[in-house]
Amino acid sequence: MKSFFAIGCMLYTIFGFGFHATESNAFDPFWMRFLVSSIGFTVVILSQISQFFKRNFLMSLFLTMLVYNAHFYFLLYMNDFHPNYKLSLLVVMITTILFINNPKSYLWYSILNLCTYEFVLLMSDNFDKDAMLLGMMILLVLIFGYLKNREIEYAFERLKKREEQINDVNNNVYYGIFRIDMESRLLYANEQLVKMLGYSISEDRMVISELRSVLQSSSEISRMMQNNQAIHDYEVQLQRRDGSDFWGQLSLRPVYNDKHKLECYDGTLIDITSRKKAETELMLFSAAIDHTSTGVIITDKNGGISYCNPYFMKLTGYAAKEMMGKRLEDFGVKDDNSNLHMWTKLVSGLVWKGDLNFYTKAGQIITELTSVAPIRNDKGQIMNFVIVTEDITDRKKAELELLHAKEQAETTTKAKQQFLSTMSHELRTPMNSVIGITNLLLEENPRPEQIENLNILKYSATQLLGTINDILDLSKIEAGKLELHEDNFDLHYLLINTKRTHSINAKKKNLSLSLKVDEILPNILRGDQLRLSQILNNLVGNAVKFTEKGEVKIQVNTKRESLEDVNLQIKISDTGIGISKEQMERIFDSFSQASSDTSRKYGGTGLGLAITKKLVEMMGGTIALESQIGRGSTFTIDLTLKKGSKAFKAEKVAEVGEFSQLHGIKILLVDDNKINQKVASKFLSKWNTIVELADSGQEALEKLKNNSFDIILMDIQMPEMNGYEATQAIRKLADKEKSNIPVIALTAAALSEEKEAAFQSGMNDYVSKPFAPAELYSKLAKYTSPNFGSTKETIKLS
Ligand code: ADP
């Protein structure tokens with residue numbers, strides 16, 4: 001096409017110029033004709049080969065036309081100054097300017113130039129018909145050429161656009177598209193495939209060899225290709241350029257040419273690595289669910305079962321088809337409230353956890369710890385429920401059995417407690433009598449040979465009572481029933497008393513018993529004085545008991561003192577028989593003694609240290625033991641006690657006979673036990689008091705109503721109306737004088753809660769049975785003294 005135009009333009013230049021030139025007789029220099037034609041010709045040729053005008057021959061045409069017009073004008077001017085030359089000149093100038101501004105419309109400028117030429121020619125005086133026709137022909141050729149060219153350009157553009165579209169589509173798909181020749185060499189690869197194989201898009205795709213090596217190495221693919229067969233969705237493991245593996249899904253389709261000869265293969269490759277991974281994970285999950293010892297059930301949004309794992313089927317005995325579509329409740333125990341609760345919670349989108357009871361196919365009830373969770377779709381709508389169950393039938397059974405056992409044990413413990421309480425009372429009452437009567441006999445000037453016997457009797461009875469108290473204490477501690485009572489007490493006084501209690505025995509064995517108390521130790525502390533004294537008495541008692549010669553030391557140090565409390569260290573050390581390492585490990589266990597020899601030689605039950613340790617721990621302290629066989633033992637108690645009120649003053653137990661204020665006071669002694677009555681009244685009479693006896697609470701009330709007394713000694717455990725009830729009735733009497741009468745409890749059990757109850761019922765104080773005469777005397781003196789009313793609220797001596 002280009003050459004077609006080029007030749008046309010060339011002819012026109014030569015001939016056109018020739019016509020005009022011959023018209024002019026006046027001016028016909030040959031060289032001029034030749035020069036101008038050559039210029040036109042040169043421009044055409046140059047435009048054809050010029051890089052700038054590449055594929056743009058119309059542009060060259062325009063330039064040619066421009067030259068023609070210019071040359072035409074020149075001719076007219078040179079010949080006879082035809083008046084239309086100005087028009088030619090004008091058009092040349094305008095189209096030149098237009099071309100400079102918008103080179104793309106060169107075609108129109110060319111046509112304009114040509115038309116001007118024709119017009120000028122027409123208007124000229126020397127109208128030449130042939131030249132005109134030739135011009136017209138060229139114009140037609142130009143228009144035809146233009147139209148043809150446009151058509152070709154459009155077709156070319158459409159093709160280009162289509163190619164671009166195909167490329168775009170090919171490159172925008174998520175999978176690789178490629179074409180390979182019969183030797184599996186890559187002929188075409190879209191961007192996705194290039195990237196998939198680890199190359200960059202700008203690289204030459206022909207260097208990609210990974211696909212080829214896979215196709216060639218797979219015998220199945222090679223075989224199918226040899227048989228000209230298509231391959232669909234073939235899963236294959238490939239390698240990227242960097243050596244990393246990925247899974248691809250390959251499809252190949254043979255491509256035939258017009259002559260039905262196989263030319264190449266078109267293929268697609270999809271990266272299915274994540275799908276493969278998900279499939280593997282799914283497979284593992286599925287295997288895990290199939291083999292787990294937990295029931296897994298999946299239901300639709302309405303609760304209809306759509307999956308059930310083998311474990312749950314085995315557990316319930318149902319086959320999968322028997323379960324599908326049914327609801328979980330269909331297998332559940334009907335009156336199980338959990339079901340209702342479960343669905344209410346699930347519908348509101350929450351996870352439910354709880355126990356569910358199911359019937360197995362065989363009719364047995366199984367208990368499952370069940371958790372049900374709703375599964376939602378992207379829009380948040382509940383689509384399924386996943387149910388996980390753990391079989392707790394055996395555990396529940398065991399729990400139930402344990403509960404029964406516990407209840408039974410509690411009942412037994414209660415019965416044991418009751419038994420111990422009754423027994424202790426039954427044992428204490430006669431023991432009190434024995435000790436009381438012995439005390440009495442000792443007071444009644446016995447003969448010297450009787451004194452020793454009476455002392456042995458008193459010692460044995462006291463020991464027996466101690467043992468009874470220990471057994472009772474231990475059973476209380478073990479049942480968690482023992483409570484500590486916090487009150488103000490004087491530690492120094494308590495320590496002195498402890499030393500005094502044991503000094504008689506120490507003296508008998510020729511042992512030195514010393515007490516050393518840190519000077520900075522505050523006197524008044526808060527705690528359970530009774531129990532602390534029990535601890536100290538046990539340790540000091542043991543130290544004296546298990547030491548034949550040497551000394552027993554009681555040392556108390558202040559380790560730390562703050563505004564509120566004080567940290568004490570109480571050490572009780574002796575130079576006695578000592579305890580071996582093995583024995584030390586179990587010495588604090590109940591009923592544990594160092595050896596059978598020890599028990600034979602020293603007696604004891606092995607309860608003291610067990611009680612001591614438990615009491616110390618209840619007080620928040622610790623007890624430690626250091627000992628060496630034959631060299632002695634040291635028990636160290638570490639204890640923190642609150643500081644007490646400085647205003648508190650411990651009451652000094654009066655020595656009997658120190659006061660004579662009991663003389664003539666009227667005492668109502670209430671006790672259902674005749675021996676107790678006898679023992680107590682003997683002492684009371686000795687102190688010149690007037691004693692009136694009452695056998696029960698009821699009788700005491702009657703007697704109080706009809707007589708006047710200074711004080712009442714009230715036993716607690718009595719039939720019909722016990723001591724508490726009687727005291728409460730007394731406190732309610734209308735006569736103020738009688739209702740305010742001091743009441744001292746005579747408690748046989750010596751249990752702390754009995755003492756507590758005594759105070760609560762309105763009693764003023766208590767004395768433990770068997771009473772120490774001095775203590776009883778002291779308390780009677782205290783409550784019958786004229787200034788009792790002013791002190792009774794502040795003094796409470798345990
Ligand atoms: P009991 O003294 O009534 O047997 P304990 O619980 O108080 O019971 O003591 C248990 C045992 O620990 C004693 O039998 C004795 O063997 C040993 N024991 C306790 N204190 C000492 C001590 N200070 N020195 C040597 N042995 C001791």
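Starting from 1, each residue takes its place in the sequence as its number. In each ligand, atom 1 is the first atom listed, and ligand 1 is the first ligand listed.
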query: Going by an N to O cut-off under 4.0 Å, is there a salt bridge joining Lys581 and Glu585?
result: no
message: Does this structure show an ion pair linking Arg560 with Asp565, if we count only N-O contacts that are shorter than 4.0 Å?
response: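 Yes.
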message: If the cut-off is 4.0 Å to any non-hydrogen atom of Gly608, which atoms of ligand 1 fall inside it?
response: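 Taking each heavy atom of Gly608 in turn, ligand 1 has 5 (P), 6 (O), 7 (O), 8 (O) under 4.0 Å.
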task: Number the atoms of ligand 1 from 1 as they appear, then name those within less than 4.0 Å of a heavy atom of Ile577, with their elements.
output: 25 (C)
[X], portion touching ligand 1 at heavy-atom distance under 4.0 Å:
X      : answer
Ile579 : side chain
Asp574 : side chain
Lys545 : side chain
Leu539 : neither

Option with minimal heavy-atom separation from [atom], where the choices are [options]:
atom                    : options                        : answer
atom 20 (N) of ligand 1 : Val540, Thr575, Asn542         : Asn542
atom 6 (O) of ligand 1  : Thr612, Ile611, Thr634, Leu609 : Leu609
atom 15 (C) of ligand 1 : Phe546, Phe588, Phe635         : Phe546

query: Counting heavy atoms not belonging to Glu626, are there more than 12 under 6.0 Å from its CD?
result: no
query: Given Arg531, which of Val616, Leu615, Thr612 fulfils the side chain to side chain contact (heavy atoms under 4.5 Å, CB included) condition?
result: Leu615
Which pairs would a plain distance check flag for residues 689-701, meaning a side-chain donor or acceptor within less than 3.5 Å of a matching protein atom at least two apart in sequence or in another chain?
| residue | atom | partner | partner atom | Å |
| --- | --- | --- | --- | --- |
| Thr689 | OG1 | Leu684 | O | 2.6 |
| Glu692 | OE2 | Lys703 | NZ | 3.0 |
| Asp695 | OD1 | Lys674 | NZ | 3.2 |
| Asp695 | OD1 | Gln677 | NE2 | 2.6 |
| Asp695 | OD2 | Lys674 | NZ | 3.1 |
| Ser696 | OG | Gln698 | N | 3.4 |
| Ser696 | OG | Glu699 | N | 3.2 |
| Glu699 | OE1 | Asp695 | N | 2.9 |
| Glu699 | OE2 | Lys703 | NZ | 3.3 |

field: Residue list, side chain to side chain donor-acceptor pair (under 3.5 Å) with Ser685, at least two apart or on another chain
entry: none
message: Below the 3.5 angstrom mark, is there an N/O of Ile587, backbone or side chain, next to an N/O of ligand 1?
response: no
message: Within the structure provided, determine whether Phe635 and Asn542 are in side-chain contact (heavy-atom separation under 4.5 Å).
response: no
field: Nearest heavy atoms of Thr727 and Met714, plus distance in Å
entry: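 In terms of heavy atoms, the two residues are closest at OG1-CE, 3.8 Å.
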message: Please confirm whether Ser633 approaches ligand 1 to less than 4.0 Å, judged on its heavy atoms.
response: yes
